[in-house]
Amino acid sequence: MNKDLLGIGDLTRDEIYAILDTAEAMREIGQRAIKKVPTLRGKTIVNLFYEPSTRTRTSFEIAEKRLSADTLNIAAAQSSVLKGETLADTALTIEAMQPDMIVLRHASSGAGHLLSRICRSRIINAGDGTHEHPTQALLDAFTIREHKKRIEGLKVTIVGDLLHSRVLRSNAILLTALGAHVWICGPSTLVPAGIDRLGVRVSTIVDEAVADADVIMMLRIQQERMHGAFLPSLREYFVTFGMTAARVARAKPDVIIMHPGPMNRGVEIASEVADGPYSVILEQVANGVAVRMAVLYMLGGGQDGD
Amino acid sequence: MDADRVGRALTRIAHEILERNRGVEELALIGIRTRGVPLAKRLAEAIREISQHDIPTGALDITLYRDDLMRAAVAAQPVVRKTEIPFSIDDRRILLVDDVLYTGRTIRAALDALIEFGRPKTIHLVVLVDRGHRELPIKADYVGKNVPTSQSQSVQVRLTEIDGRDEVEIQDA
């Protein structure tokens, strides 16, 4: 593996499968009475989060603790970022205290790449702007594989705010690399230009996109990133693109419904679907810990991050 | 050692286990991945044939407990596989099974891993081959065969379940 995990493109097919297989073993640790192994004992991991996050930060922290790493969390809202320090200066300040890994969440695409260039520590991208969120895609692939026993040949339909979604980008790259047929669907104002270069089919008609799908993945409408008039109204969005039971019925009978969270009920997904029998949304959260343990383990080798 | 001698060694160990453990109710066999696992299953089978008792078996992966894990410069990490112990080890007499006993470091890791699952009454060590050169104060309780080796040699155990045939081979470096 590379020194850092900045995007799915950093991984070969074999490395992706190795992470998924390792995550299988890691999941068993979470079912023990003593949920801890000594593997990363003595390693220091800094979780540097410039954006609000509940599940990703918690998931990384639990994964780190189950591997016995020493962890500390820096939330930008309580740090010297408020006093005007740049990302690079904050990173170098943290580096001076000799951590082994930095898990970074930042609103700017490419923030991880900046740290990768200036830091000795290993950098794990936990979401950078609208670019990538590799561990989310890995845990999604893990969840899909668990239910479908394969990824190759599946029809995976991703519906929602495509323009602002790093989850979409990481998943599109990963799932097409493993041979899935990825369809993406959303209002044309939220389809990023050139997205078809990732090898995905683009549609603006939900009924067409979800027909015979093996997997439906919903994306959140990211209002905090919308600085323009992308949608007439949330109500209209739900009517046109929201995932309802009637739309789910067009997919395969054993379809699974995924959502990276946090959900906007009644905007991109109806409550009856989110809580329904096809939903694997909470399994995704559970699998996130095992997958992040696998990533930390596989990046954790070596005494220096060079 | 050919297939015949491997088979006979395991049958003898099964008899020794029954001889030294009056009452097999508390016994459990736990194989260390990879080749300890089929060996543990075969011992359970042999004990069933002799005594008509079923002994629970489990599989232990010690990768995350190795003492050489994070030491190398950036290198591929060894593959982690699942630990499967589908019973409580509390108050049981555990027979830990591995193919080759060499430095003792694998067994050290296995003991650490095992202890996290509970508090067994005893842990005894079963190995098919003891090749010497211990680096830690660890010894086997049941040994299929003592094989004098030099440290430059390597000992290959092959088992039908994994390698298609039973055999123990010593290779010179």
Side-chain angles (χ1 to χ4, degrees), chain A residues 1-5 10-12 14-15 17-45 63-70 100-101 120-122 146 290-306, chain B residues 28 30-37 40 56-92 94 96 104-121 123 136 162:
Chain A
M1 299 240 306
N2 287 350
K3 165 181 164 276
D4 307 312
L5 178 60
D10 293 349
L11 302 170
T12 64
D14 286 347
E15 283 168 346
Y17 278 120
I19 291 171
L20 300 185
D21 292 342
T22 305
E24 296 276 355
M26 294 299 183
R27 184 162 55 170
E28 179 267 327
I29 294 165
Q31 292 154 0
R32 297 180 187 175
I34 299 176
K35 300 179 183 63
K36 209 175 181 71
V37 291
T39 315
L40 292 183
R41 208 172 39 196
K43 300 275 178 189
T44 306
I45 305 180
E64 290 153 6
K65 291 196 156 131
R66 289 200 177 151
L67 292 171
S68 299
D70 296 313
D100 297 283
M101 294 192 226
R120 174 199 52 82
S121 316
R122 288 159 180 275
E146 192 183 6
V291 167
R292 292 185 172 111
M293 286 172 76
V295 167
L296 291 166
Y297 166 71
M298 296 187 73
L299 284 180
Q303 294 186 315
D304 296 302
D306 57 3
Chain B
I30 292 179
I32 299 175
R33 287 194 192 275
T34 305
R35 287 177 181 72
V37 177
T57 60
L60 188 68
D61 187 278
I62 57 105
T63 313
L64 297 170
Y65 294 84
R66 286 169 59 152
D67 58 9
D68 57 352
L69 255 193
M70 301 295 166
R71 299 180 65 82
V74 183
Q77 297 275 56
V79 179
V80 186
R81 276 151 311 160
K82 241 189 216 160
T83 290
E84 290 167 295
I85 304 179
F87 48 85
S88 164
I89 67 166
D90 280 336
D91 296 320
R92 277 192 188 274
I94 302 294
L96 191 60
R105 288 179 192 268
T106 299
I107 304 305
R108 196 282 312 161
L111 292 173
D112 276 358
L114 205 50
I115 291 299
E116 304 213 308
F117 285 87
R119 186 178 189 279
K121 195 171 272 175
I123 301 176
L136 297 173
I162 294 162

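In what follows, every chain begins at residue 1, and chains take the letters A, B, ... in the order their sequences are listed.
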Within-4.5 Å side-chain heavy-atom neighbours: Lys82(B) and Glu24(A): yes
Closest approach of Pro38(A) to Tyr65(B) (non-hydrogen atoms, all atoms of both residues): CD-CE2, 3.2 Å
Rounded distance (nearest 0.5 Å) linking atom OG1 of Thr39(A) with atom CZ of Arg66(B): 11.0 Å
Pair Glu28(A)-Asp61(B), side-chain contact (heavy atoms from CB on, under 4.5 Å): steps then yes or no: CA-CA 11 Å; Glu28(A) 179 267 327; Asp61(B) 187 278; over 6 Å; no
Side chain to side chain, Gln77(B) and Thr22(A), heavy atoms closer than 4.5 Å: no
Residue, of Leu67(A), Ile34(A), Asp21(A), that accumulates the most heavy atom pairs under 4.5 Å with chain B: Ile34(A)
Atom pair CZ/CG of Arg66(A) and Leu64(B) - distance to nearest 0.5 Å: 13.5 Å
